[in-house]
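Just so it is clear: chains get the letters A, B, ... in the order the sequence lines come, proteins before strands, and each one is counted from 1.
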Protein chains: 2
Amino acid sequence: MDKKPVIAPKGRQQPRVKIEDVARKANVSPATVSRVLNHPDIVRPELRDRVMRHINDLAYTRDSAARALKSGRMRTVGVIVPTLALGIFAEGVEALQNRLSESGYTLFIANSQYDQRREFQELQSLIERGIDGIVLVGASHGRELRSLIEQAGVPVITTYVAKAGGGIPAIGIDNESATREMTEYLLRLGHVRFGAIANVVAASNDRSRARLEGIQRALSDAGLPLKPTQIVKADYSLAQGRSALRQLLTDHPDTTAVICTTDTLAIGAMAEARKMGLAVPATLSITGFDDVELAAQMDPPLTTVSVPAAEIGRGAADYLINAIAGSPVPRSVVLPYRLVMRSSSAPPRPSVRPARRGRSRDH
Amino acid sequence: MDKKPVIAPKGRQQPRVKIEDVARKANVSPATVSRVLNHPDIVRPELRDRVMRHINDLAYTRDSAARALKSGRMRTVGVIVPTLALGIFAEGVEALQNRLSESGYTLFIANSQYDQRREFQELQSLIERGIDGIVLVGASHGRELRSLIEQAGVPVITTYVAKAGGGIPAIGIDNESATREMTEYLLRLGHVRFGAIANVVAASNDRSRARLEGIQRALSDAGLPLKPTQIVKADYSLAQGRSALRQLLTDHPDTTAVICTTDTLAIGAMAEARKMGLAVPATLSITGFDDVELAAQMDPPLTTVSVPAAEIGRGAADYLINAIAGSPVPRSVVLPYRLVMRSSSAPPRPSVRPARRGRSRDH
DNA sequence: TTGTAAGCGTTATCAG
DNA sequence: CTGATAACGCTTACAA
């Protein structure tokens, strides 16, 4: 009896079963075995069954490297997300993988940490791997990357945005329009002193940039353009949501509505508001973006924009599967977002103004 | 002279640059080009540089299928997680991918939705893809799956647990010991009426099962064994944390400490406690597990167990890289967890009991 | 140090 | 309907 050493044995295990082994056992040629697997309908049923039995007996599976070499197709798709730490991307990737898996594709994953150089490198590595399709996130991609894609001649789709430059097809939502609507909703409630917290620190985060533009545009159109100090830039952490709110209220203590470009920031802002003793929404309305699971469970529940991440993932999978097969595909797919009005937003308190203020009358 | 057949490989655009093209341009043999790429040190520098120039000129990259076929190595690793929706897994996958990428490996990802059958199928598909290593999650894997792994002869490691059955190496924490410590801490604070909320609904969630056992064992050892109604089973959603707390307090209104097997459940429980008007921690102590980003930002901040997810991901990558290379590898790696005492836990209020009691003297 | 040539396992073509 | 055979693009003995 051999005692298991702490050290893994270096030796290669028993050689893989190959098509020839099956052929020999079944007394047919390798070609026939191949046909049984790839075109069962052109093999005499009786023979087909016999071969199949041997295939199962030997637990034979085709070598994917050899298949890929022969056919030029890997049946593999790659995705590069900025990070998996954001639930919204994780959800999209999960849906993408599930749909691809149903169609016999396998998914390579990589992350760029919001760094365009890293994105390029990871993509290069994936292309060298011979992937048949590429899923990216966002609209901002260097022209270097676009020419890499072009040269590789691999179908690509970018996600979470409604359109992208360089002729790259996209599937996602119109981020700018979503925040514009959200802002208009707050305007209708009667707000006039706004603040925005936007995670536009990462150069490549065009989603948040578009969202910020939506806010700015709506407010400009309403004759209430945001001053630079009314916009606090942050990364995507909860803690930055807190400090951003604090800074915003230091500069503009009379703000009544804060629009955040992600739920994470909004949740941080709500936490800070609570700590500062500000009632949400009585004193301050706060809104987010993404509709993460927690949003609905906050106290008060967070008003936000729901992003159909799973649908984006599935749509990207379908797009690529069709494109790879040479089937016709749409140029772009704009998915609907959904404004979810919850209790973190309300009309501003009428009595907020400077001077001494009497007791609030509304409750 | 064999001209290229009229029927080009379906769908391929301009034929790929191959090693022979580079060789011709550089006036060397294909073997030399190959050596420049794979063993640069054994090629005369001058020649090497010339070849390199042509490689760059033509933007040549090796066909990975052909390489894999020849070498029997795909330089590819696969991971199967229950879901990416849990930040803890997303974080681990991200770290895993980053480390693998540094070593020239690419990561296939799949998810099982906590379903052992799906896990088996996904693994089968990955193995057919010729992956060189496998990362799994948790200790519970059917013997069918284990024999599949054995037969494939591919290195494997399972994560987030300290040990697994079937001789599978593991990297992770001792979940049972962690909750035992947490429970003992609450006992030391003076709690005697406990409740547990555990996401043990998914049959394959052995992490939470182990955590629950840790709680039970500590309480049994303290002579305070949990009754079945003191244990509420849930899935891993925030909403279930809410309803679980409500149910627990319906059955045992005098509970002073609730131990949850995940932060998500704990956060749900805290939300519900607030809604019910129960002060945390004054009336009720609540603890979680995972130390997600939000835990520290809660009000009050959540006492929890910090799980080194990134370290687990990196460790799994290193393990596989070594195992694939035939280097010695440890049988298992137990990583330290960290109890993070925050303000959601405190001694029970002395005045909860029936009969009158003197004022507490300790403060 | 560089070139030649033999496969790696599969599948498509063509002949039987 | 089935069998022999020639690639697919690359790496690595082995030869020069």
Side-chain angles (χ1 to χ4, degrees), chain A residues 12 14-52 54-55 58-75 127-130 132, chain B residues 1-12 14-24 26-52 54-55 58-75 127-130 132:
Chain A
R12 205 76 192 121
Q14 69 268 43
R16 212 189 142 96
V17 179
K18 25 208 276 199
I19 204 170
E20 204 186 351
D21 301 326
V22 178
R24 197 167 18 239
K25 284 266 188 200
N27 253 317
V28 296
S29 75
T32 298
V33 178
S34 175
R35 276 189 287 256
V36 166
L37 254 11
N38 299 311
H39 313 285
D41 40 318
I42 65 168
V43 178
R44 187 162 40 93
E46 169 183 300
L47 181 56
R48 183 195 337 136
D49 294 346
R50 194 179 78 212
V51 172
M52 259 309 197
H54 288 280
I55 288 177
L58 297 176
Y60 166 74
T61 63
R62 291 165 287 185
D63 181 307
S64 69
R67 293 191 76 191
L69 176 58
K70 213 26 201 149
S71 68
R73 299 251 112 102
M74 280 289 235
R75 305 225 100 202
I127 286 179
E128 284 175 21
R129 279 279 188 284
D132 300 319
Chain B
M1 55 177 173
D2 49 15
K3 239 357 189 170
K4 197 95 182 172
V6 185
I7 305 170
K10 181 175 170 144
R12 213 79 191 126
Q14 66 269 65
R16 208 190 147 97
V17 180
K18 24 207 272 200
I19 203 170
E20 198 181 306
D21 301 326
V22 178
R24 196 165 21 239
N27 254 314
V28 295
S29 74
T32 298
V33 179
S34 174
R35 277 190 285 257
V36 166
L37 254 11
N38 299 312
H39 313 283
D41 39 317
I42 65 167
V43 179
R44 188 161 41 92
E46 170 182 300
L47 181 56
R48 187 203 323 146
D49 294 347
R50 194 179 78 213
V51 172
M52 260 310 198
H54 289 279
I55 288 175
L58 297 177
Y60 167 73
T61 62
R62 292 165 285 186
D63 181 307
S64 70
R67 291 191 77 190
L69 176 58
K70 195 55 188 136
S71 67
R73 299 250 114 102
M74 281 287 235
R75 305 223 100 203
I127 286 179
E128 283 174 22
R129 279 277 188 284
D132 301 319

Closest to side chain of [X], choosing from [options]:
X	options	value
B:Ala31	C:dA5, C:dT10, C:dT2	C:dA5
B:Val28	C:dG3, D:dC8, D:dT11	C:dG3
B:Lys18	D:dC10, C:dG3, C:dG9	D:dC10

| request: Calculate, to the nearest 0.5 Å, the distance between atoms OG and CZ belonging to A:Ser29 and A:Arg35 respectively. | output: 6.0 Å

| request: Please confirm whether any donor atom in the side chain of A:Lys70 sits under 3.5 Å from an acceptor in the base of C:dA12, or the reverse. | output: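 For A:Lys70, whose side chain was compared with the base of C:dA12, there is no donor-acceptor pair (under 3.5 Å).
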
Under 4.0 Å between a side-chain N/O of [X] and OP1 or OP2 of [N], yes or no?
X	N	answer
B:Arg67	D:dT11	yes
A:His39	C:dT11	no
A:Arg62	C:dG9	no

| Does some side-chain heavy atom of B:Arg129 sit less than 4.5 Å from a side-chain heavy atom of A:Met74? |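 No, too far: nothing below the 4.5 Å cut-off.
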
Length of the [atom1]-[atom2] vector between [X] and [N], whole Å:
X	N	atom1	atom2	value
A:Glu20	C:dC8	CD	C1'	12 Å
B:Asp41	C:dT1	CG	P	10 Å
A:Arg35	C:dA15	CZ	C1'	12 Å
B:Arg50	C:dT1	CZ	P	16 Å

| field | Pairwise 5' ranking along DNA chain C for B:Pro30 and B:Ser71, keeping only the more 5' one | value |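 Final value for this comparison: B:Pro30.
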
| said: Pick the closest DNA chain C nucleotide for B:Ile42 and for B:Leu69 by heavy atoms, then say which residue is nearer the 5' end. | reply: B:Ile42

| field | SB check B:Arg24 B:Asp21 (cutoff 4.0 Å) | value |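 A salt bridge is present here (some side-chain N lies under 4.0 Å from a carboxylate O).
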
